[in-house]
Every structure is written in structure tokens, then in C-alpha cells.
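Below is one structure, written out as C-alpha cells, with a few remarks after it.
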Amino acid sequence: MMDTALQTPATAKTTPSPAAWGRVRRSRHLADRALKVVCTLFTVIGATVLGWILLMLLVEGIGGLSPAVFTETTPGPGSQGGGIANAIVGSLILTVLGIVVATPIGVLAGTYLAEYGKGSKLAEIIRFVNDILLAAPSILIGLFVYMLMVQPMGGYSGWAGGVALAIIAVPVIVRTTEDMLRLVPGSLREAGAALGAPMSTVIISISWKAARAGMVTGVLLATARIAGETAPLLFTALNNNFWFNPNLMGGVANLPVMIFQFALSPYENWRELAWAGALIITLSILALSVVARLLLRKDQVR
Amino acid sequence: MVALSQERLVSSQVVPARRSFKPSFDRVFRLASLGSALLVLIVLLGIIGAMIYGGLPAFREFGFGFITSTVWNVNEDQYGAWVAIVGTLSTALIALVIGVPLSLGIAIFLTQLCPPWLKRPVATTIELLAAVPSIIYGMWGLFVFAPLFANYIQMPVSNLVEGLPIVGTILYARTPSGVGILTAGIILAIMIIPFIASIARDILDQIPPVLRESAYGIGCTTWEVVRNVLLPQAGVSIIGAIMLGLGRALGETMAVTFVIGNANRLSGSLFDPGSTIASRIANEFNEAIGLQLNALMALGCILFLVTFTVLVLARILVSRVKVA
């Protein structure tokens, strides 16, 4: 450290350093100051961007909000007014479908990793694969479900959309379930086993119960993750300007794809609806994430 | 491990004597969880299989030339991936160049400089940035950032560098519209910051405080502690975190589709529109038929290979340090 500083005695004399720094050389002082300023500045930039995005959504979105937004279906090209009721309901259905499919699979897979396959090679491979899936580009999952369901079934459907969202949600649930189950102390399990409970009972009534808050958090986080996904729905559920068929075949209107199509459209009322939809979806997702965090924190305190 | 094996032993001995239905439920439950875990594996294999199966006709038709050709002509059914590959790599690279210093700065601020009462709100804010859907970043990029970028960066810079060698090509905008490769890179940088920052923060938090305190004890400044103690300790896993961010940036679709301009030509300028693999798939897939569909699938296959490699490397780097 000493040799890195190029400092002549002359400059040292002319610049009296603050008392707290004593005889620390000026270059060291400056490097330290620079680090602190730069890091603080970067954090401020990060927080500013989030604030800016929220502000943009509020300013543009509240202008587009009206009762009709929640009651009418999306307007056709060139027509006036309209709402996004079908897209909101469609998004809810697709998200719920995705979570209903993903939760049992994710929880059971996470349970396998944490309870049954603790040290096994297979569990290690699956954990690795799960981490890859967690970060895999969602557009590829859309392509996969297109090949898997849309082509064989002969058209876009809400079912395909739900499956695509489920594939994105599963890795999130697997990961949180496993992490949370690992926090459950082994002595609890041993106590259960000592009472003569079989492994499944030990897991269900002891491990799951102890890790419940964390597992619910995982499901909430997965919901937040899939609620805003656009790319995989583009090739599976597509979009629709009307109410969907009761059997969910054909395009199903949903907020993310609606926002994508309407935001880039030349029609003024379409763009307003896109902003309203963007505001609704972002606020719901942020609310979900905050609730998930609070739930986890409350559990940790306890 | 001993406890677990004993537990298994106990359960298998006692239960059959008590209730006859429990062992079968026990087995069903065990098989169900094993099946679910295997399903995760099958999905990944399925994705690989679907990409290869879908892209095979295009690879067969164009051979290796598919990767190096810059032609993407729907009317003549000629397809090449080079423009999209270059777009994908250059936007991801820009995202890293901008995003990594910012993320590390935030991680250092959160772990070393931040007063305790501020820690949680700042960390939550950064993590919430990760929860915002990518389409919202796209809208912000297109409607808010791009006009500002065109007015205050593109136009002055273009005027400044016009006619100069090299810089005059890289930083010259023929039509300063605000959208293009550089804009896409900046938006991607903002999107990967929360990921890299929160992983880097976790890594820095794991370093034993004793190391840091002893460095402070011999009179190191904060910068010297970060430079000579923390970074050498966390180095490899921070590279892993960066690669996780790179994986995100490579596959990001919606935000990029909004701001990249979707042009199919190779340009020397960062201000010109281009396209990435993901944005091209998102734009053309629903109208594609025949060979075009296969070509898009082949693009997906390339994207999968690249992100898969990056993610595997990232995972290895991150986990190796955790064990050590």
C-alpha cells in the first residue's frame, strides 16, 4: 500500500488533512472518499430509477383509469373507449391456473430435495437443473409449450398459457420450499419419528408445518413472478379482444400481451388502456412482493 | 445423516404394525415427490429437445452458414442468424459494462457504508426493482428514456463526432430516434442491477467480519478494505453473480423488443437500431410459417445453448466459493 502512493512532501504540507484522518496520506484519503461517494451515488441512481418508473406509471396510468376500464372489453381497432375487463380476468385465470399446477409439483419436488434426497447424486443434479430453469429465458419456455401444446392442439389456448406460466413458477417454489425445509431443525423430525410417525407424516405434520410461512412466501413470489410474464404468453395464450371461450380454447386476453400490443399501437385510446393496465399489474405485483417479504420477516422474528 | 437413517429405520419398523394404510400412503407420497423432482429434469430435457427438433430443418437447410449469414429475408425464404447474434451479444455486453459497476457499488454501499436504519429500505427498493415486469421497463425505455436519450445524448454526441474516424462510426446516429443497440443495453443494465447487487450483497455479507475488522484495525481505509480484503475473498463468486446477470441479459425479451428498433441490418453504430435473438422471435413468431418458423426455432436453440453455458458456469462459480 505504501509504494502505490505518489506523494511529494511539498503537497503534503500544503494540504492540511482533517483531524479525524490524522497523518493519512492524501491519496488514500481521496481514494476512500471516491469509493464512498461513488457507491452512494450508484445506490441513489438505482433507487431513483424505481421511483421514476413508479411515477411514470402513476402519472400516465391514473389518467387512463375509469370505471369503464374494469367493466368493458378491449376495443377493436379504431373504435372509441373500451376497457380491459377481459384482460384482467384472463390474467387472473392464467395466473391462478399456473400457480395451481405449479404449487403441488414445486412443493413436492422441493420436499424431495430437502427430505428424501438430501445427499444423493440425483438430488444434486435436480437442484442444479432447477437453478438453470430458474434463470432460463422465459421466451424459450414459450417456444417449448408452443411445440408441446399449441401445435398438437391446433391453436392457442389458455391451457397452454397456464402451463407455460407453471413451468416458470415451479423452479421458484422448488427453491424456496427446499431452503425453508432445510431451516427446520432435525431434532423436530427426530421427535416425530420417535413417536412412531412414518416419514410422510413427519414431513406433512412437522416439517411443512414448521416451514409453512416460508413456503407460502415462495408461492407468493412465484405468483408475482408469473403475473407480469409476457414473452411465454405471446406464443401460448396470445390475446383476444373479446371474452374468452369458457373452455379456454383460442386466444385468451391477458394484461401483459394486451399492454405489449396496445402500447405500440397508433390508437390513442389503446395506449391509454395500456398505461392503465401497466399501472394495475405493477401495483399488484409490487404489493404481492411486499406482502411476501413481510410474511417472511414476521416468521423470522417469531 | 445418522439421525435421518435412524428415523427411516424407526418409521419402517413401527408403522406396519399399527395401521395398514400408512405404509402405502408413505410410499405414494415418496414416489409423488420423487416424480415431481424428476419432472423438473424432464422439463429441461424437453426444452432442449423441442429447440433442436424445431430448429433442425433450418440447420439442415442452411448448414453452418445459418450462424454466419446476415441475410434474413422472409420473401425469399433465406435466413441467417448473425445479425441477431451480434445484437444479443453486444446489448448484453453493454449491459454488463454499465450494470456491473453500479451493482457492485450498491452492494458495497449496502454492506459497508449504509447506516443500519437505512439498510432495509434500500435493500427492499433494489429488490423491488427486480419484481417490476420487463414489459414495464420496455414502456419506460420507449416512452420516457428514449426521447430524453435522443435529445440530450444522441444528437449532441452525433454532432460532435461526425466525420471523425472510428468514433464517428460507432457513436453516430443517422436518425436520432432514441431507440437502438445502446438504449437496449442501458435498459438491460437497469434490469440486471437488482440481481447482481443482491447476490453480491449476500456474498459480501458472508465474509467473516473478523477479516474486515482486523484490516480496519491496522489502519486501512474503507477503500483499502474493499480492494484488498473483500474483493479477493469474494472474487470468484462475484464473477458467478455477474454471469447470472449476463444470463438474464441474453434472454431478456420484452424490454429489448420495445427499445431496440427491430432492424435487420448490421451497423457499426451503437445508436442504430438492431435486433436480438429474443426480440426477433417475439416479433415474428406468431406470423411465421414453414421454414421461417424453423429458423426462429433454430435461433431459440442458439440462445438456449449460449444462456445454458453461461448459467452453468455461473452456478459452478457461485457454488464453489460457498463450499470453500
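These numbers were taken from a predicted model, which means no experiment stands behind them. Proteins get letters first, then strands, A, B, ... in listed order; numbering begins at 1 in each.
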So, the side chain of [X] versus the backbone of [Y]: is there a donor-acceptor pair under 3.5 Å, distance only?
X      : Y      : value
A:Q261 : A:M258 : no
A:S91  : A:L255 : yes
A:S205 : A:V202 : no

Identify which part of [X] has an atom lying under 4.5 Å from any heavy atom of chain A, answering side chain, backbone, both or neither.
X      : answer
B:I190 : side chain
B:V312 : both
B:L39  : side chain
B:F195 : neither
B:T124 : side chain
B:I42  : neither
B:T307 : side chain
B:V144 : side chain
B:L113 : side chain
B:P194 : neither

With distance as the sole criterion, is a donor-acceptor pair present between the side chains of B:S134 and B:E252 under 3.5 Å?
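Yes.
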What verdict does the ring pair (Phe, Tyr, Trp, His ring centres under 6.0 Å) test give for B:F258 and B:W140, after you've listed the backbone C-alpha separation in whole Å, the side-chain angles of each residue and the deciding distance to 0.1 Å?
CA-CA 9 Å; B:F258 268 86; B:W140 182 76; over 10 Å; no
Any [X] side-chain heavy atom under 4.5 Å of [Y] side chain:
X      : Y      : answer
B:L104 : B:V100 : yes
A:I168 : A:P232 : yes
B:F285 : B:M297 : yes

Tell me, out of [options], who's got the most heavy-atom pairs with chain B below 4.5 Å.
options                      : value
A:V49, A:V129, A:L108        : A:L108
A:I125, A:L41, A:I105        : A:I105
A:I281, A:L221, A:I204       : A:I204
A:T282, A:L133, A:I53        : A:I53
A:I139, A:V38, A:L35, A:L122 : A:I139

Chain B contact via [X] - which portion, at a heavy-atom distance below 4.5 Å:
X      : value
A:L140 : both
A:L148 : neither
A:L57  : side chain
A:L288 : neither
A:Y146 : side chain
A:L234 : both
A:I285 : side chain

Could you tell me the separation between the OG atom of A:S289 and the CG atom of A:L294, rounded to the nearest 0.5 Å?
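One finds 10.5 Å between OG of A:S289 and CG of A:L294.
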According to the salt bridge (Lys or Arg N to Asp or Glu O under 4.0 Å) rule, which pairs have a member within residues 275-293 of chain A, sequence neighbours left out?
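Sorted result for residues 275-293 of chain A: A:R293-B:E127.
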Taking salt bridge (Lys or Arg N to Asp or Glu O under 4.0 Å) as the cut-off, I'd like each qualifying pair that reaches into residues 224-235 of chain A, sequence neighbours left out, listed once.
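For residues 224-235 of chain A: A:R225-A:E229.
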Please determine whether a side-chain nitrogen of the Lys or Arg among A:K36 and A:D32 lies less than 4.0 Å from a carboxylate oxygen of the Asp or Glu.
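Salt bridge: yes.
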Look at A:E60 together with A:R271 and state whether they make a salt bridge at an N to O cut-off of under 4.0 Å.
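No, this pair does not count.
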